[in-house]
K.L.:
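Here it is, the structure in full.
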Amino acid sequence: MLRRSKYQRLARVLRRKLGKSQVITDQYLCHALGTDASVYRLVPKIVVKVRQLDELTYVLSQCRLSKTPFTFRAAGTSLSGQAVSDSVLITLTDHWKQYRLLDMGQAISVQPGMIAADVNRLLKPFGRKIGPDPASIDHCKIGGVAANNASGMCCGIAQNSYHTLQSMSLLLADGTLVNTASPRSVDAFKQSHRSLLSGMNELATRVKQDPELTRLIKHKYRLKNTSGYAINALIDFDDPVDILQHLMIGSEGTLGFIAEITFRTLIDSPCKASALLVFASVELACKAVVELRDSSANAVELMDGRALRSLRQHPDSPDFFSGLDLNACALLIECHADSEIALGQQTRKLWRQLQPFPTSHTLPFTNDQERCQSLWRLRKGLFPIAGANRPAGSCVIIEDIAFAVEDLAEGTVALRHLLDEHGYHSAVIFGHALNGNLHFILRQDFKSGEQLDRYAQFMQSLTDLVALKYTGSLKAEHGTGRNMAPFVEKEWGAQAYAIMLSIKRLLDPDNLLNPGVIFNQDPEVHLKNLKALPECNLPESNLHVSNLHESNLHESNLHESNPPEQKQTKKNLSTQSVEPTDNSINLCIECGFCEKVCPSRNLSLTPRQRIVMFRQLHSLEMAGLKRQAASARRQLDYHGVATCAATGLCADACPVGINTGFLIKQLRQQKNQRRQWLAQLIASHYGFVLNAGRLLFRLHQLASKQLSAGSVNAIGRYLSRLSFGLFPRWLSAFPGAASKGVKIFPDRQNPLSKTINQATDKQTHPVEIKPDVAIRQVIYFPACSSRVMNTQLAAADQRGLQQVMASLLQKAGYKVIFPEKIENICCGLPFDSQGFPAQAKQKSDELLASFKSLSQNGKIPVISDNSGCANYCLPIQLQGLSVIDPIAFACTHLLPRLAITPKQETVMLHITCSIRHQGLAKNLVTLARRCATEVVIPTDIDCCGWAGSKGFTTPELNQSALSTLKSQVPAHSKRGFSSSLTCEIGLSQHSGIPYQSILYLLDEVSEPKVRGVK
Ligand SMILES: Cc1cc2nc3c(=O)[nH]c(=O)nc-3n(C[C@H](O)[C@H](O)[C@H](O)COP(=O)(O)OP(=O)(O)OC[C@H]3O[C@@H](n4cnc5c(N)ncnc54)[C@H](O)[C@@H]3O)c2cc1C
Ligand code: SF4
Ligand code: SF4
């Protein structure tokens, strides 16, 4: 009770300064937000979202005053339990991404919230990169990389954060900020923290004067090692500030907060090649690794037979994976060079070196980037993919050890024996072989005490084998966390351990920073607070699955006799409705790889957190805890369901293709039972609804002529508030109303499009644009959006999208057919995304019926002017009717028939989710680059969160997703482009410049190629 009131008091104080939305205490939200990728679950009492340093300093001061422990969180992809807390969890918002490029990219200063791969994107123009390269580089953040001393495929030891650190701004537990790059700051720090620094000096002297200890430290850091503190700093440096900043690396948030870090960068060689070799046994592969140790190979990754088995259904895996036996072992090798010639020489030499080691299969060196990337995707996704193969309801644990390379063959064989001895027959072994660093994955059910004992005994034997027999590292790169805290002393011995404890006491005397991590008094801490990943049955559904990524990569067992199975495609766009229980979320291992693309990540929850919350709700319901389940459901309703765009972008980022949006649509469907009648009414009177919509946009158009944008937004806010949110937010960026029916009149901007037609929604006959050049027919299916809305009122080109499309088709010489009863036609997407699958099906059936004969059973293609609709219609293609995306059509059919004169202009470009789903992102970028000399694609904005209608009903989602857009629009850029009218509303609203379909730009810059067309 007392403890609870302490947290309540602290939360009240923090809210006064930071506001309610940044201080979260609801236990169900805390449960979801508190999740990291490890096997441990601690539920924070408070989650604080900090936006800047002064907020953090304040939070720390209040925690200090109330003696409340706290834990920092970056991306939460840690695997050893170091990013979870049962006290205060401090997370960083998207604001912590500032950077400074120094000395033409020779160094870079970055704030801790930037994703590590984004730092490399900034360095790319300089041909440089940062050293640390964990497999999670596309998802983890710099603060976490440095605080874990994470490393990966190529970086080894020499290029990790410790060895490439130049300087750091760090905030200590007592609230002091020191910038080690600033002599003034350092001088002041030396004055104010004399006793701390002399304590540091004393420890360094103690170590340096002890040859045995010095020898041990040197030996330990010959290997990759993140077990305990980086006490090599005590022998590598003399200046206590240097020692301090290096100790921060790998300290897992237990010594202070890294507020900014400057890395020395490395050359990112322009030429790269990869090869894959499969050996008959792990010993053979490891012997080859020893041979490669002194070669020019930059990365050598080992994957044992079980790892290869778990990958065999993945779309990127080579076909021969299916036929490999479990003794097989593969090495994935990468070489870098400055030129293709040098690369060729290197790879040939390497190949010769490997000749003495017989292989069963090889993929020789290739510099084809797509082929290389597909091999590396397999390797980088191995943990989540193998984790997804676990038995339903069990957990997945990944361990991370290192042997000296010369011990690798023996050590790996011994490890396999150990795993078998403890019944972990299916454990997958893989790792960064060049550094003797092995990972292995255990699928473990902790439901019974017996299972827990098995794991406990295994950990004792493992630590004996690695730390005592081979003097290896118990944690090579994932950090000690809670998982190895009980074994740090076993690995390092009492003396070194005591030094580490002294460091902790010097910097955090009250033990407030991430207590329990790295050091823990409880010898069984690694066996406590283990996560349950309960199997959940999803609500019944008959949702459309155009975006459902079939990810059923299940492998029931890993026995030799398993017949080769048919490879699954991750993006399997199926025609069928989903089976009543599509339970792909059960594959989720909570790795967090899906988080960065989610538009609601700063507003409510991420895909991972939605799954976690759903799992919790399921557990509460199963346990019959009705009151708690009702509370959890209330939180899920807004944070999980209402604020999810449900466009499924998370599926692209998830290594096993889990589409959380699909789960959300199922939940919406469940919730919508009572509103079925309304959806049915709309579906059956769709034309009427669209007319009403047109009327509203007409009113908006009239009002906008009289009122300023600011007034429209203010009135919109007021009306929405007055109606308790029932009235959709009215925004100044709403377009005007479209003309009813398809009326494409003579067009002043495009003299070509004379009297194209007067087609009404009743006409079914082909409308010839220009008989003399009409060499191909298409059916033009204008989306509901372009039938209701015109274009941005602020845009120079005020034609409707239909006119623009018709103009382009005409220039390219197409004969156009307008379908019958177009007013009532809809692909079904708006119903589907709102969780009304029956009505969605009704509409898509109507569309299919209406287009089938018109298209002569699919002979005449249908083109859409909206990527969302085209993407949703993909399954229809398998029923014989092809609905082509406007971007796909423009790239493959219009561009070759048009002469383009690009505009000398900088334009903004937004790549919609549906474009990404269809794999058309590159096409859209190419198209934009053909039309304008400079194209800016903002970073960090994947899904805009408008999602067809969310911008009307939950505008805060769109606002949050696009919060960084305006600052990314260059001053000289006056307009933006995309391929979805509704997305363009939000983009215009939050960028301050009008966005239109890219087809406008294409029409503006193009002339017909066909001779004779004037
Ligand atoms: C599938 C998968 C593959 C992985 N592969 C690798 C790999 O190849 N190599 C590897 O090393 N790791 C790997 N990891 C582990 C993990 O991704 C990395 O260690 C990563 O660097 C952690 O970064 P993060 O942003 O997620 O940090 P978090 O997990 O959020 O935090 C990590 C630690 O840093 C502390 N911290 C965070 N920010 C700060 C700050 N600003 N100041 C001080 N302390 C801070 C936290 O308290 C925590 O202790 C993998 C994880 C997954 C899920
Ligand atoms: S949904 Fe996929 S990416 Fe997201 S946490 Fe789960 S396994 Fe990882
Ligand atoms: S569907 Fe979109 S909004 Fe919903 S969880 Fe996935 S990425 Fe986030």
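First listed ligand is number 1; within each ligand, the first listed atom is number 1. Worth saying up front: this structure is predicted, and the values here are computed from it rather than measured. We're numbering straight along the sequence, starting at 1.
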K.L.:
At under 4.0 Å between heavy atoms, is it the side chain or the backbone of Cys650 that contacts ligand 3, or both, or neither?
P.N.:
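Cys650 to ligand 3: contacts from backbone and side chain alike.
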K.L.:
Check for me whether the distance between the ring centres of Trp96 and Phe257 falls short of 6.0 Å.
P.N.:
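Yes, the ring of Trp96 comes within the 6.0 Å limit of the ring of Phe257, centre to centre.
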K.L.:
Just heavy atoms, cut-off under 4.0 Å: does Asn514 contact ligand 1 by side chain, backbone, both, or neither?
P.N.:
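The side chain, only.
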K.L.:
Give the contacting part of Arg610 toward ligand 3: side chain, backbone, both or neither, where contact means a heavy-atom distance below 4.0 Å.
P.N.:
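The answer is the side chain.
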K.L.:
Is Arg73 paired with Asp36 through a side-chain N to carboxylate O contact shorter than 4.0 Å?
P.N.:
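Not counted as a salt bridge, because no side-chain N and carboxylate O are separated by less than 4.0 Å.
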K.L.:
Assess whether a salt bridge exists between Asp118 and Lys97, defined as any Lys/Arg side-chain N lying under 4.0 Å from an Asp/Glu carboxylate O.
P.N.:
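No, this pair does not count.
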K.L.:
Are any of the N or O atoms of Lys380 closer than 3.5 Å to those of ligand 1?
P.N.:
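It does not: no N or O of Lys380 is found under 3.5 Å from an N or O of ligand 1.
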K.L.:
Who gets closest to atom 42 (N) of ligand 1 by heavy atom: Ile258, Leu89, Val517?
P.N.:
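Looking at heavy atoms only, Ile258 sits closest to atom 42 (N) of ligand 1.
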K.L.:
I'd like to know if Arg601 and Glu595 make a salt bridge, using a cut-off of under 4.0 Å between side-chain N and carboxylate O.
P.N.:
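Salt bridge absent between Arg601 and Glu595.
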K.L.:
Where is the nearest protein heavy atom to atom 48 (C) of ligand 1: which residue, which atom, and how far?
P.N.:
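Minimum-distance protein heavy atom for atom 48 (C) of ligand 1 reads Gln82 O, 3.5 Å.
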K.L.:
Measuring from atom CD of Gln834 to atom CD of Gln669, what distance do you get when rounded to the nearest 0.5 angstrom?
P.N.:
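CD of Gln669 is found 12.5 Å from CD of Gln834.
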K.L.:
Check for me whether Thr647 has a heavy atom closer than 4.0 Å to any atom of ligand 3.
P.N.:
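Yes, Thr647 has heavy atoms under 4.0 Å from ligand 3.
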K.L.:
Starting from atom 29 (O) of ligand 1, which protein heavy atom do you reach first, and at what distance in Å?
P.N.:
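Ranked first by proximity to atom 29 (O) of ligand 1 is Ser78 OG, 2.6 Å.
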K.L.:
Test your reading of the structure: does Leu79 have an N or O sitting under 3.5 Å from an N or O of ligand 1?
P.N.:
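In fact, backbone or side chain, Leu79 has no N or O that close.
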K.L.:
Under 4.0 Å, heavy atoms only, figure out whether ligand 1 is touched by the backbone of His432, its side chain, both or neither.
P.N.:
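For His432, only side-chain atoms sit under 4.0 Å from ligand 1.
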K.L.:
Considering only non-hydrogen protein atoms, determine which one is nearest to atom 2 (Fe) of ligand 2 and report residue, atom name and distance to 0.1 Å.
P.N.:
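In this structure, atom 2 (Fe) of ligand 2 has Cys654 SG, 2.3 Å as its nearest protein heavy atom.
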K.L.:
Taking 4.0 angstrom as the limit and counting only heavy atoms of Gly253, give me the atoms of ligand 1 inside it, by number and element.
P.N.:
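Counting from 1, the qualifying ligand atoms are 35 (C), 44 (N).
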K.L.:
How far is atom 6 (Fe) of ligand 2 from its nearest protein heavy atom, and which residue and atom name does that atom have?
P.N.:
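I find the closest protein heavy atom is Cys588 SG, 2.3 Å.
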K.L.:
If we ignore angles and hydrogens, is there a donor and acceptor under 3.5 Å between the side chains of Glu399 and His439?
P.N.:
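No - no donor-acceptor pair under 3.5 Å links their side chains.
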K.L.:
Below 4.0 angstrom from a heavy atom of Pro112, which ligand 1 atoms are there? Numbered from 1 as shown, please.
P.N.:
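The atoms of ligand 1 under 4.0 Å from a heavy atom of Pro112 are 41 (N).
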K.L.:
When you measure from atom 12 (N) of ligand 1 to each heavy atom in Glu260, His478, Glu595, Glu590, which option holds the nearest one?
P.N.:
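Among Glu260, His478, Glu595, Glu590, the closest heavy atom to atom 12 (N) of ligand 1 comes from His478.
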K.L.:
Tell me whether ligand 2 is touched by Pro607 - counting only heavy atoms on the residue side and a distance under 4.0 Å.
P.N.:
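For ligand 2, residue contact (heavy atoms, under 4.0 Å) with Pro607 is absent.
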K.L.:
Can you tell me which residue and heavy atom of the protein come closest to atom 1 (C) of ligand 1, and the distance to 0.1 Å?
P.N.:
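Closest protein heavy atom to atom 1 (C) of ligand 1: Phe593 CZ, 3.2 Å.
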K.L.:
Using a 3.5 Å distance criterion without hydrogens, assess whether the side chain of Ser980 forms a donor-acceptor pair with backbone atoms of Ser867.
P.N.:
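No, the answer is negative, given that no donor and acceptor are paired below the 3.5 Å cut-off.
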K.L.:
Using only heavy-atom distances, determine whether the side chains of Ser85 and Ser87 contain a donor-acceptor pair under 3.5 Å.
P.N.:
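Ser85 vs Ser87: no donor-acceptor pair found between side chains.
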K.L.:
Just distances here: any N/O of Cys140 and N/O of ligand 1 closer than 3.5 Å?
P.N.:
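Such a contact does not occur with ligand 1.
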K.L.:
Mind checking whether atom 8 (Fe) of ligand 3 has an N, O or S of Cys598 under 2.8 Å?
P.N.:
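Coordinating: yes.
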K.L.:
Looking only at side-chain N and O atoms, does His95 offer a donor or acceptor that is under 3.5 Å from a partner on Gln111?
P.N.:
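Absent: no donor and acceptor within the cut-off.
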K.L.:
Tell me which part of Ile611 gets within contact of ligand 2: side chain, backbone, both or neither, using heavy atoms under 4.0 Å.
P.N.:
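For Ile611, the contact with ligand 2 is made by the side chain alone.
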K.L.:
Considering only heavy atoms, which of Pro134, Gly143, Ser80 lies nearest to atom 38 (N) of ligand 1?
P.N.:
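Heavy atom nearest to atom 38 (N) of ligand 1 belongs to Gly143.
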K.L.:
Find all atoms of ligand 1 within a distance of less than 4.0 Å from any non-hydrogen atom belonging to Phe257, and give their numbers and elements.
P.N.:
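So the answer, numbered in order with elements, is 40 (C), 41 (N), 42 (N), 43 (C).
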K.L.:
Do the side-chain N and O atoms of Tyr872 and Ser833 include a donor-acceptor pair separated by under 3.5 angstrom?
P.N.:
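No, no side-chain donor-acceptor pair sits under 3.5 Å.
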K.L.:
Numbering the atoms of ligand 3 from 1, which are under 4.0 Å from a heavy atom of Gly648?
P.N.:
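Answer, ordered by atom number: 1 (S).
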K.L.:
Do me a favour and list the nearest non-hydrogen protein atom to atom 46 (C) of ligand 1 with residue, atom name and distance?
P.N.:
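I find the closest protein heavy atom is Phe72 O, 3.0 Å.
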K.L.:
Assess whether a salt bridge exists between Asp942 and Arg916, defined as any Lys/Arg side-chain N lying under 4.0 Å from an Asp/Glu carboxylate O.
P.N.:
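Arg916 and Asp942: salt-bridged.
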K.L.:
For Gly661, counting its heavy atoms only, list the atoms of ligand 3 lying under 4.0 Å from any of them.
P.N.:
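Counting atoms of ligand 3 from 1, those under 4.0 Å from Gly661 are 1 (S).
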K.L.:
For ligand 1, which atoms have a heavy atom of Ala150 less than 4.0 angstrom away?
P.N.:
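Once the distances to Ala150 are compared, the set is 10 (C), 11 (O), 19 (O), 21 (O).
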K.L.:
Just to be sure I read this right, does ligand 1 sit under 4.0 Å from the backbone of Thr77, its side chain, both, or neither, counting only heavy atoms?
P.N.:
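Both of them.
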K.L.:
Students should be able to answer this: which protein heavy-atom is nearest to atom 25 (O) of ligand 1, and at what distance?
P.N.:
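The protein heavy atom lying closest is Lys141 N, 2.8 Å.
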K.L.:
What's the spacing between Glu252 CD and Ser80 OG if we round to 0.5 Å?
P.N.:
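Nearest 0.5 Å value for the CD-OG distance: 6.5 Å.
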K.L.:
If you count the atoms of ligand 1 from 1 in the order shown, which ones are under 4.0 Å from a heavy atom of Arg73?
P.N.:
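Once the distances to Arg73 are compared, the set is 30 (O).
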K.L.:
Strictly below 4.0 Å, N to O, side chains only: are Glu334 and Arg379 in salt-bridge contact?
P.N.:
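No, this pair does not count.
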K.L.:
Under 3.5 Å between some N or O of ligand 1 and some N or O of Asn148?
P.N.:
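Checking ligand 1 against Asn148, an N or O pair does fall under 3.5 Å apart.
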K.L.:
Can a donor-acceptor pair be found, under 3.5 Å and without considering hydrogens, that links the side chain of Glu535 to the backbone of Pro391?
P.N.:
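No; zero donor-acceptor contacts below 3.5 Å.
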K.L.:
Using a 4.0 Å heavy-atom threshold (strictly under), name the region of Cys591 that reaches ligand 2: side chain, backbone, both or neither.
P.N.:
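Under 4.0 Å from ligand 2, Cys591 contributes backbone and side-chain atoms.
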K.L.:
Which ligand 3 atoms, with their elements, are less than 4.0 angstrom from a heavy-atom of Pro599?
P.N.:
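Heavy-atom distances to Pro599 below 4.0 Å select 2 (Fe), 3 (S), 7 (S), 8 (Fe).
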K.L.:
Mark up the atoms of ligand 1 that fall under 4.0 Å of a heavy atom belonging to Ala75, in ascending order.
P.N.:
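Ligand 1 atoms under the 4.0 Å threshold to Ala75: 24 (P), 25 (O), 26 (O), 27 (O), 30 (O).
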K.L.:
Does a donor on one side chain and an acceptor on the other come within less than 3.5 Å for Gln609 and His639?
P.N.:
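The answer is no; no qualifying pair exists.
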K.L.:
Starting from atom 4 (Fe) of ligand 2, what is the nearest protein heavy atom, named by residue and atom, and what distance separates them?
P.N.:
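So the nearest neighbour among protein heavy atoms is Cys594 SG, 2.3 Å.
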K.L.:
Who's the nearest protein heavy-atom neighbour of atom 45 (C) of ligand 1, and how far?
P.N.:
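Sorting protein heavy atoms by distance from atom 45 (C) of ligand 1 puts Ala147 CB, 3.5 Å first.
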K.L.:
Check Phe383 against ligand 1 and report side chain, backbone, both or neither, counting heavy atoms closer than 4.0 Å.
P.N.:
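For Phe383, the contact with ligand 1 is made by the side chain alone.
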K.L.:
Would Ser78 and Asn148 count as having a side-chain donor-acceptor pair, cut-off 3.5 Å?
P.N.:
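Present: a donor and an acceptor within the cut-off.
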K.L.:
What do you reckon, does Ala135 have a nitrogen or oxygen under 3.5 Å from a nitrogen or oxygen of ligand 1?
P.N.:
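By distance alone, the answer is yes.
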K.L.:
Which of the numbered atoms in ligand 1 are below 4.0 angstrom from a heavy atom of Pro384?
P.N.:
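Contacts of ligand 1 toward Pro384, numbered from 1: 1 (C).
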K.L.:
Quick check against the 3.5 Å criterion: does Asn435 have a side-chain atom that pairs as donor or acceptor with the backbone of Lys224?
P.N.:
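Checking the backbone N and O of Lys224 against the side chain of Asn435, no donor-acceptor pair under 3.5 Å is found.
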K.L.:
Is ligand 1 less than 4.0 angstrom away from at least one heavy atom of Asp36?
P.N.:
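Per 4.0 Å heavy-atom rule, Asp36 does not contact ligand 1.
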K.L.:
I'd like to know if Gly387 contacts ligand 2, where contact means a heavy-atom distance under 4.0 Å to any ligand atom.
P.N.:
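No, Gly387 has no heavy atom closer than 4.0 Å to ligand 2.
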K.L.:
Within the structure, does Ser136 bring an N/O atom to less than 3.5 angstrom of an N/O atom in ligand 1?
P.N.:
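Between Ser136 and ligand 1 (N or O atoms, distance only) the closest approach is under 3.5 Å.
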K.L.:
Report yes if the side chains of Ile130 and Asn120 come closer than 4.5 Å at any heavy-atom pair, otherwise no.
P.N.:
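Touching, per the 4.5 Å side-chain cut-off.
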K.L.:
Any idea which protein heavy atom is nearest atom 43 (C) of ligand 1, and the distance to it?
P.N.:
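Answer, as residue, atom name and distance: Gly256 O, 3.4 Å.
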K.L.:
Counting only nitrogen or oxygen atoms and a 3.5 angstrom limit, does Ala37 reach ligand 1?
P.N.:
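Such a contact does not occur with ligand 1.
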K.L.:
Please work out which of Ala259, Ser151, Gly152, Ala83 has its closest non-hydrogen atom nearest to atom 9 (N) of ligand 1.
P.N.:
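Ranked by closest heavy atom to atom 9 (N) of ligand 1, first place is Ser151.
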